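First up is the structure itself, then whatever we jot down about it.
Naming: A, B, ... by sequence-line order, numbering from 1 per chain. Values in this document were obtained by computation on a predicted structure and should not be read as measured data.
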Amino acid sequence: MIKTNDCGALRSKDIGQRVRLAGWVRFYRDHGGVRFYDLADSFGSTQVVYDPEAYQSNVNVVGIGQLLNNIGREYVIAVKGVVRERVPGTEDDRNPTGTVEVLIDEIEILNSSKVIPFEIAEQKNSTLPSEDLRLKYRYLDLRRTEMAYNLRFRHKVLASARRYLDSIGFIEVETPTLTRSSQEGARDFLVPSRTMPGTFYALPQSPQLYKQMLMVGGVEKYFQLARCYRDEDSRSDRQPEFTQLDLEMSFVDVEDIFRTIESLYSHIWKDVLGKELRTPFPRITLEDALNKYGTDAPDIRFGLELVDVTDIVKCSSYDIFQKVLGKKGSAVICVNLKSTLVKEKTLDANVGRSEVDRLIDWAKQQGMGGLTWMRMTDEGLSSNIVKYFGKEVLESLERRTDATKGDLLLFLAGPRHLVQKAGGHLRMKLARENGLLEGMDHQFVWLVDCPLFQADPVTGKVASFHHPFVRPVEGDFDENGELLSFKGCSYDLVLNGSEIGSGSMRNHHAEVQRKMFRALGMSEERMREEFDFFLEALEFGAPPHGGIGMGMDRFCSILLGCESIRDVIAFPKNKKFQSLVDSSPKKVDQAKLDELQLMSLVDEDEQD
RNA sequence: GCCCUGGUAGUGUAGCGGCCUAUCAUGAAGCCCUGUCGAGGCUUCGACUCGGGUCCAAAUCCCGACCAGGGCGCCA
């Protein structure tokens with residue numbers, strides 16, 4: 001090793017030792033005579049000193065000084081020297097190595113560095129450069145303390161998961177990344193085949209069918225840190241390629257899977273955060289989640305629950321509500337922003353109007369017609385529109401929403417699913433703006449009791465709620481019955497309002513699986529074409545099985561409080577799915593296309 | 001496909017019709033400095049994304065492109 005210690009390692013107990021350190025020159029301070037260098041690696045930084053008056057006669061003082069004259073920030077150097085105590089009063093208590101320093105008596109410049117395009121070192125008032133610059137020079141971005149920490153954190157989470165799953169008998173099995181395309185699900189990334197021109201592999205959206213076939217193969221307890229690929233537009237928590245902790249078990253029921261997962265996260269909690277995690281996780285039905293939180297991924301750490309007041313306000317003469325409620329499937333929901341939750345108290349109905357106006361603008365941006373409000377006062381509910389509401393209606397509202405003095409009631413009206421969705425966003429917005437999430441512990445919740453099918457809102461066609469492999473709650477279903485009424489044995493794992501996992505018990509009877517496909521409107525021909533191999537696998541004694549896939553990028557970014565999952569991925573892609581560090585995707589030589597017998601339809605002039 | 005926000009020295013920003021030959025910080029280059037730690041001091045360098053338009057006058061207003069981010073749709 002070029003170094004005897006890491007740059008974050010030395011302490012007072014090491015004083016007198018002769019050490020060799022290597023790292024990057026992060027800062028240096030030249031006082032004309034004595035010079036200080038902060039030598040950093042991802043473990044920390046140590047002050048190394050050039051102090052001409054302190055050297056013994058056998059040290060090449062001039063030579064070291066000349067080498068040091070040539071180094072700049074982020075030069076890679078190795079130094080040898082003796083660890084010594086700092087001059088009393090000059091210790092740096094912000095740095096764990098701050099009581100000591102190394103007096104350089106030998107130095108080697110291992111590499112130079114160009115002038116860096118942005119600040120790597122944490123500095124007061126320094127803000128991050130634009131995302132694309134960070135991504136272009138990702139290797140420099142990764143040198144930053146925060147990113148280095150994130151990568152290590154992620155490693156610890158994954159290592160902990162691996163250790164635990166191994167300890168309870170799971171085995172890690174890799175499945176192919178060159179797979180078959182299927183019409184279901186997200187858009188595929190396609191890979192042309194050279195040996196069979198005109199045919200394509202797809203990159204896996206998840207190892208779903210492979211892991212089920214592993215169960216048929218008797219693996220019984222499988223897991224994998226599986227890279228998944230979906231060619232759908234990105235979000236701050238969505239990348240075209242992402243990592244799932246994928247897991248499947250045989251001879252189990254839902255409770256076994258829940259226990260396994262809860263136990264898994266308990267171990268991760270202990271290993272990585274050093275804390276106990278409360279289990280079992282609470283469960284909430286999809287219906288409750290939508291009604292109370294307006295989303296299938298509820299953040300249940302705070303109240304501000306949505307209250308359905310459709311039946312009450314029906315009896316008002318408020319024109320806007322009447323118009324909305326005239327349409328089928330409409331609803332009026334209310335969020336009570338309790339005065340006790342608000343940081344700056346505005347108990348007077350006339351105060352805080354600009355605040356309400358801001359919320360109204362926001363609601364319009366969300367696609368709502370607007371937002372109606374009332375403030376609870378000593379004289380009851382008050383606002384510009386209470387005159388349209390009878391006394392009894394107002395009193396019912398007070399009771400239903402539990403309104404007490406100073407509370408602000410916010411109403412959204414429109415089609416139920418839109419109102420719920422907007423209400424869910426409103427709830428999160430109010431929580432964020434009033435600091436309700438600050439200092440909160442993390443909270444898992446299982447989302448359960450989901451339907452097997454759902455109707456496409458546009459075409460009305462029946463589609464899977466999760467995917468076609470979900471086992472019906474009863475194990476079977478009547479394909480001539482009311483499809484939308486059946487429940488599936490599926491569940492989502494939600495953490496702090498983000499879906500971080502989704503799984504189910506699977507159909508292990510081929511006949512039920514066939515029925516499932518038929519119910520989804522799949523022809524016998526296509527079933528054969530796309531799933532014959534899989535259906536046949538189920539026919540060779542498939543055991544009952546189920547599992548889950550959990551997004552590790554999201555999980556780590558939530559624990560670390562990152563704005564985006566890009567901050568826990570070493571080389572993420574930008575919003576357009578470009579990798580800025582290596583400029584992919586790129587055009588390829590015509591010869592490569594010829595070999596694959598492919599032709600581009602893109603006009604050459606339109607490409608760069 | 002759509003909506004929103006932004007684009008000013010290498011980096012982060014201020015300016016938002018004339019006070020702009022564009023602010024401040026950081027950086028880079030050079031000099032000074034023997035206990036700093038985002039060292040300090042002095043000097044120098046370096047920018048209005050592009051194309052139209054309005055106007056006596058545009059970094060600033062308008063239109064359009066391009067780039068980036070957030071969101072909707074999409075994500076079985």
Go through [options] for me and flag the one nearest to the [X] side chain.
X: A:Q47; options: B:U36, B:A76, B:G70; result: B:U36
X: A:E119; options: B:U11, B:C67, B:G27; result: B:G27
X: A:H31; options: B:A39, B:G73, B:G70; result: B:A39
X: A:R235; options: B:C75, B:C74, B:G69; result: B:C74
X: A:V115; options: B:A76, B:A28, B:C72; result: B:A28

Hey, is the main chain of [Y] close enough, under 3.5 Å, to the side chain of [X] for a donor-acceptor pair?
X: A:R138; Y: A:A570; value: yes
X: A:Q205; Y: A:A186; value: yes
X: A:S579; Y: A:K573; value: no

Taking donor-acceptor contacts at under 3.5 Å, does the side chain of [X] reach the base of [N]?
X: A:E101; N: B:G35; answer: yes
X: A:D233; N: B:G73; answer: yes
X: A:R238; N: B:C74; answer: yes
X: A:R134; N: B:U11; answer: no
X: A:R26; N: B:G38; answer: no

Query - Greater than 12 external heavy atoms within 6.0 Å of A:E529's CD - result: no
When the distance from [atom1] of [X] to [atom2] of [N] is rounded to whole Å, what number comes out?
X: A:I116; N: B:A28; atom1: CD1; atom2: P; result: 7 Å
X: A:L135; N: B:U11; atom1: CG; atom2: C1'; result: 16 Å
X: A:R187; N: B:G1; atom1: CZ; atom2: P; result: 11 Å
X: A:K575; N: B:C2; atom1: NZ; atom2: C1'; result: 12 Å
X: A:K429; N: B:C4; atom1: NZ; atom2: C1'; result: 13 Å
X: A:Y50; N: B:C33; atom1: OH; atom2: P; result: 15 Å
X: A:K136; N: B:G69; atom1: NZ; atom2: P; result: 15 Å
X: A:D132; N: B:G12; atom1: CG; atom2: C1'; result: 14 Å

When you check the phosphate oxygens OP1 and OP2 of [N], does a side-chain N or O of [X] lie under 4.0 Å from one of them?
X: A:S236; N: B:G71; answer: yes
X: A:K573; N: B:G69; answer: no
X: A:R29; N: B:U36; answer: no
X: A:R73; N: B:G10; answer: no
X: A:Q578; N: B:A68; answer: yes
X: A:R230; N: B:A76; answer: yes

Query raised in the report: What does A:S504 touch in the nucleic acid at a heavy-atom separation under 4.0 angstrom: a base, only the sugar-phosphate, or nothing?
Result: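 Touches nothing.
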Report task. Anything under 30° is parallel, anything over 60° is perpendicular, the rest tilted; go ahead and classify A:Y55 against A:Y50. Result -> tilted
**Report entry** First of A:R94 and A:P129 reached from the 5' end of RNA chain B, by closest nucleotide
**Finding:** A:P129
Can you tell me how far [atom1] in [N] sits from the matching atom in [M], rounded to whole Å?
N: B:C50; M: B:C56; atom1: P; answer: 24 Å
N: B:G41; M: B:C24; atom1: P; answer: 15 Å
N: B:C2; M: B:G73; atom1: P; answer: 16 Å
N: B:C16; M: B:U60; atom1: P; answer: 13 Å
N: B:G30; M: B:G15; atom1: C1'; answer: 31 Å
N: B:U49; M: B:G6; atom1: P; answer: 14 Å
N: B:U23; M: B:A9; atom1: P; answer: 13 Å
N: B:G12; M: B:A28; atom1: P; answer: 16 Å

Between [X] and [Y], is any pair of side-chain heavy atoms under 4.5 Å apart?
X: A:F465; Y: A:V470; value: no
X: A:F531; Y: A:M522; value: yes
X: A:R143; Y: A:M147; value: no

Any-strand Watson-Crick or G-U partner of [N], both distances under 3.5 Å:
N: B:U11; answer: B:A25
N: B:C31; answer: B:G41
N: B:C19; answer: none
N: B:A76; answer: none
N: B:C2; answer: B:G71
N: B:U60; answer: none

Query - Aromatic contact, A:Y75 with A:Y37 (centres under 6.0 Å) - result: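 They do not qualify: ring centres at least 6.0 Å apart.
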Query - Face-to-face contact A:F36 to B:U36 six-ring, under 5.5 Å, under 30° - result: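 Here the ring of A:F36 and the base of B:U36 are stacked, with centres under 5.5 Å and planes under 30°.
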